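Note that the structure is a prediction, hence the values are computed from the model and not measured.
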Amino acid sequence: MTAVTGEAPLQGSGVLGRPMDSREDPQLLRGEATYVGDVNLPGTAHMAILGSPVAHAKILSIETKAAEQMPGVLKVATAADFTDVMPLPCIWIPGGVESHFPPHPYGLPGARPVLTGDAVRHVGDPIAVVVAETPRQATAALAAIAVEYEPLPVVTRADTALAEGAPQLHEAVPGNLNAYWTCGDKDRAEAALAEAEVKVELDLVNQRTINSPIEPRGAVGDYNAATDEYTLYASTQGPHNHRFLLAALVLGIPFNKLRVIAPTVGGSFGTKGYLYPDMALVLVLSKALGRPVKWVDTRTGLMNSTVQGRDHRQHVVLAGTRDGRMTGLWATSYANLGAYPSTIGPGVATALMGRSISGMYEIPAAFCEVYAAFTNTVPLGAQRGSGRAEAAFLMERLVDRFAAEIGMDPAAVRRKNLVPNEKFPYDNGLGWTYDSGDYQVNFDKALELSGYADMPARKAEARTRGKRLGVGIATYVAICGVGPSTRMSQEGMLGGTWESANIRVNPTGEVTVTVGSASTGQSHHTVFAQVAADELEIDPAQVQVYEGDTLRAPYGQGTYGSRSYSMAAPAVALTARKIKAKLVKAGAVFLGIPEEKAVYAAGKVYEEGNEENAKTFADLAMAMWYGWGLPHEIEPALDETTHFDPPDFNYPFGTHVAVVEVDELTGETEVVAYTAVDDAGHIGNPKIVLGQIEGSITHGLGQALMEAAVYDEQGRLLSSDLTKYALPRATDVPFFTLGKTTTPSPHNPLGAKGAGEIATVPPAAAVVNAVVDALSDLGVQHIDMPLTPEKVWRRLRGEAQ
């Protein structure tokens, strides 16, 4: 392994990097895992939430008397019952620019009230809650609540929301504009476009999509009157972060009076990293009723209330020379934040997208401007690959248009513009400094594995079967590894983004690792055990991992942005090094030798040149627990903690190639082959990462071919359940050809880069490029996603988009 900044490379036992089976899988497959829905505390009451049936209206009155008299009903509450609860805050604002938010009492950017009492701003906006003895009784009582509305005009598109005379959502946000945010060099980009030999333009719609984790959200609140303490069980990606935000900025209670527990979380893809009204509601209502209160969402409820993803409308321009050199890039994007700013939504829509638009290419002059606006739709948040996927789509579509314009092979254009190795670390001119990479090797490997050179013959063969074969390439760079904390503050993040880990060696030799991160299905218990075992050179079976409970785990931001292995795992590794250093120091004492003669290897300390004079790991664990004979400068026990805040982000990258066949009679698109070569630095468990890569690609194929959150003119979500919102199935997905390259990151001691969501970034671009390639002889230059059979069929017959 290449040495990294400030740290020695790992020289472990070879456990790390081995494709071990996931420890978590058996209980998940047998149905033995405990989700929020399985948490049943004694005396639990059940909460149901009344969401608005209209997208925009004033609330004139709410009548709850009939609901209060329904069987089993314990309490009906409206906004008037929660005047002491502050609005949920937004903690990632567009950095460095003026922005406008609903107010928060502490002067922070506000997001939304836990219940709205003045006006509703999207279908599903929570108005009232019922708590009853059973879920069925609570749900039945919702129908008895009478709400009188005064309808208001509705707007569902970001660009339309900013037009003069558009419906106004928030008094504190003039013209619905949250922020106008830019990055890059505007003057140079304008000059590059003006002086270009060739200039191509596209209008793109990166459609709104809905995350569909296997488990909808849920929350259980439990207040203990004897201790004045609250416990929240929630399907959350960040229990520590949510503990701080809820205690300090929503409920106004001492931090140490709230415990947050994340049981098994059935997937997230970004949706469960946010504060939602239900979290505060179950806690306050538990105190009011003197018993636990539980709420579990439905699938339709999730689709009308849980953050949605993507949703940019863009005008993009690429400038270049006739021989294929790209010289300038301009992107104007209208980002739809929804009705309220979600916890981190504005940062996702601005920095993560805008600073990423140039991808793997060396473009001398690039500029991006984003208009972030509020509309009468569900709030926007992260979705797997958020921001980076939207950036890759615009860049890779432009490259194909540019190649077509100059009559050059798309692969040749890309190869000509890749950032060369000698320029790393590379400043992309938009705010990111790429840490390391060998883009040329990665790109060539993907083309070779895909059989790119054979595509002309394959196209001709497909036409004999009534099929049009197309090939599409997409490259990407995906910023990952959030922190560093100081840099994130400059990007508008209100809070630290470091991670921590504690390792405790028990007197009988077992090792307990606790981390601040929280898994949503990434096999943390397996991989973090591998990290500790590799450093300590012991069997991973000796290592137990704990997370997801703020009472016993050290603080950490949580799991998002492909950060766990490059943030929490380095904290584990560095802590294990502290343990090992202490073992060497104490081992020398117990062996009666100078410290410089003590050697640690294979889980034991021995005298250099005399391996018979040794103490095993278990021997040392017990000896340190007793503490007998230790000099005063060596503390008894083996218990260490590390807080890891990296010097910069890490930047995984890759090249994907999609091959599609379009049926000339039906317009149906089949992805017949898909090749992906990704570079995530050093990988801890290839088997687990392989599954993440396959799932990520499938996620991206869904957006390209079938997924779309569709709102009508009244702001009603038409795709409100899985009978109307299509998701990819096994028959929609080909077998993948997967490869990898490895360029370690210098920004953490494992040389790791993000992996969990990176392969979601390029598939939409690769598939759309492939379909346009298949139809290019018909003059088709672009088709908006999703590429449904009807849409493609119409283009086959010459109809305009």
Side-chain angles (χ1 to χ4, degrees), residues 47-67 76-82 87-88 102 111-130 138-158 160-163 165-173 175-176 208 210 276-278 281 297-308 311 336-342 345 373-381 708-721 723-725:
M47 183 178 80
I49 300 175
L50 178 66
S52 169
V54 296
H56 200 197
K58 290 182 180 179
I59 298 175
L60 300 180
S61 65
I62 304 176
E63 180 54 63
T64 63
K65 289 182 180 179
V76 180
T78 65
D81 298 291
F82 295 95
L88 309 182
R112 67 184 310 160
V114 292
L115 293 177
T116 183
D118 59 343
V120 294
R121 296 175 176 86
H122 71 89
V123 171
D125 208 350
I127 302 167
V129 294
V130 174
T139 301
L142 292 180
I145 300 175
V147 184
E148 184 181 359
Y149 301 98
E150 179 184 315
L152 296 171
V154 171
V155 61
T156 61
R157 283 176 44 166
T160 308
L162 298 177
Q168 178 76 32
L169 270 74
H170 302 281
E171 290 184 7
V173 185
N176 300 317
R208 179 170 281 237
I210 300 175
Y276 290 99
D278 53 89
L281 290 169
D297 206 357
T298 63
R299 182 63 54 178
T300 298
L302 177 149
M303 301 180 96
N304 278 287
S305 66
T306 296
V307 296
Q308 299 174 352
D311 208 345
N336 185 351
L337 297 181
Y340 302 96
S342 65
F374 294 114
T375 73
N376 297 115
T377 59
V378 172
L380 180 83
V710 180
Y711 288 85
D712 66 12
E713 292 182 356
Q714 286 74 47
R716 293 173 298 200
L717 181 64
L718 301 180
S719 51
S720 59
D721 60 48
T723 68
K724 306 177 187 70
Y725 186 92

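- Among residue pairs with one or both ends in residues 139-156, none qualify as salt bridge (charged side-chain N to carboxylate O under 4.0 Å, His left out); sequence neighbours excluded.
- Between Ser305 and Val378 there is no side-chain heavy-atom pair separated by less than 4.5 Å.
- The side-chain contact (heavy atoms from CB on, under 4.5 Å) check on Glu713 picks up nothing, with sequence neighbours excluded.
- Looking at Arg299 and Leu302, their side chains come closer than 4.5 Å, going by heavy atoms from C-beta outward.
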Distance-only donor-acceptor pairs under 3.5 Å for side chains of residues 114-123, two or more places apart:
residue, atom, partner, partner atom, Å
Thr116, OG1, Asp118, OD1, 3.2
Thr116, OG1, Ala119, O, 2.5
Asp118, OD2, Arg121, NH2, 3.4
Arg121, NE, Leu169, O, 2.8
Arg121, NH1, Ala119, O, 3.4
Arg121, NH1, Tyr340, OH, 3.3
His122, NE2, Arg112, NH2, 3.1

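- Residues Gly715 and Tyr711 come closest through the heavy atom pair O-CD2, 3.4 Å.
- Residues Ala57 and Tyr149 share a closest heavy-atom pair of CB-CB, 3.9 Å.
- When every heavy atom of Val307 is checked against every heavy atom of Ser342, the shortest pair comes out as CG1-CB, 3.8 Å.
- Closest heavy-atom contact between Pro102 and Ala172: CA-CB, 4.3 Å.
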Test log, rule side-chain contact (heavy atoms from CB on, under 4.5 Å), inputs Leu50 and Val147: CA-CA 10 Å; Leu50 178 66; Val147 184; 4.1 Å; yes
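- Side chain of Asn376 to backbone of His56: no donor-acceptor contact under 3.5 angstrom is found.
- Proximity of a side-chain donor or acceptor of Asn176 to a complementary backbone N or O of Pro167 within less than 3.5 Å is detected.
- Counting heavy atoms from C-beta outward, Arg157 and Asn336 have side chains that stay 4.5 Å or more apart.
- Side-chain contact between Met303 and Leu717 is present, with heavy atoms from C-beta onward closer than 4.5 Å.
- Remark: side-chain polar atoms of Ser52 are not paired, donor with acceptor, to backbone N or O of Asp125 under 3.5 angstrom.
- Thr298 and Thr300 are not linked by any side-chain donor-acceptor pair at a separation below 3.5 angstrom, with hydrogens and angles left out of the test.
- Environment of NZ in Lys724: crowded, with over 12 heavy atoms of neighbouring residues, nucleotides or ligands closer than 6.0 Å.
- Put simply, the side chain of Gln308 never gets that close to the backbone of Arg208: no donor and acceptor are under 3.5 Å apart.
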Intermediate values then yes/no, side-chain contact (heavy atoms from CB on, under 4.5 Å), Met47 and Val130: CA-CA 6 Å; Met47 183 178 80; Val130 174; over 6 Å; no
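- Taken from OG in Ser720 to CG in Asn304, the straight-line distance is 6.0 Å, to the nearest 0.5 Å.
- Taking each heavy atom of Ala161 and Ala373 in turn, the nearest pair found is CB-CB, 4.4 Å.
- Rounding to the nearest 0.5 Å gives a distance of 9.0 Å between CD1 of Ile49 and CG of Leu142.
- In this structure, Gln168 and His170 approach most closely via the heavy-atom pair NE2-O, 2.6 Å.
- At least one side-chain heavy atom of Ile59 sits under 4.5 Å from a side-chain heavy atom of Ile127.
- Proximity of Thr64 to Thr78: side-chain heavy atoms (C-beta onward) are separated by under 4.5 Å at one or more points.
- Taking 4.5 Å as the limit, every side-chain heavy atom of Val54 sits out of range of all side-chain heavy atoms of Pro151.
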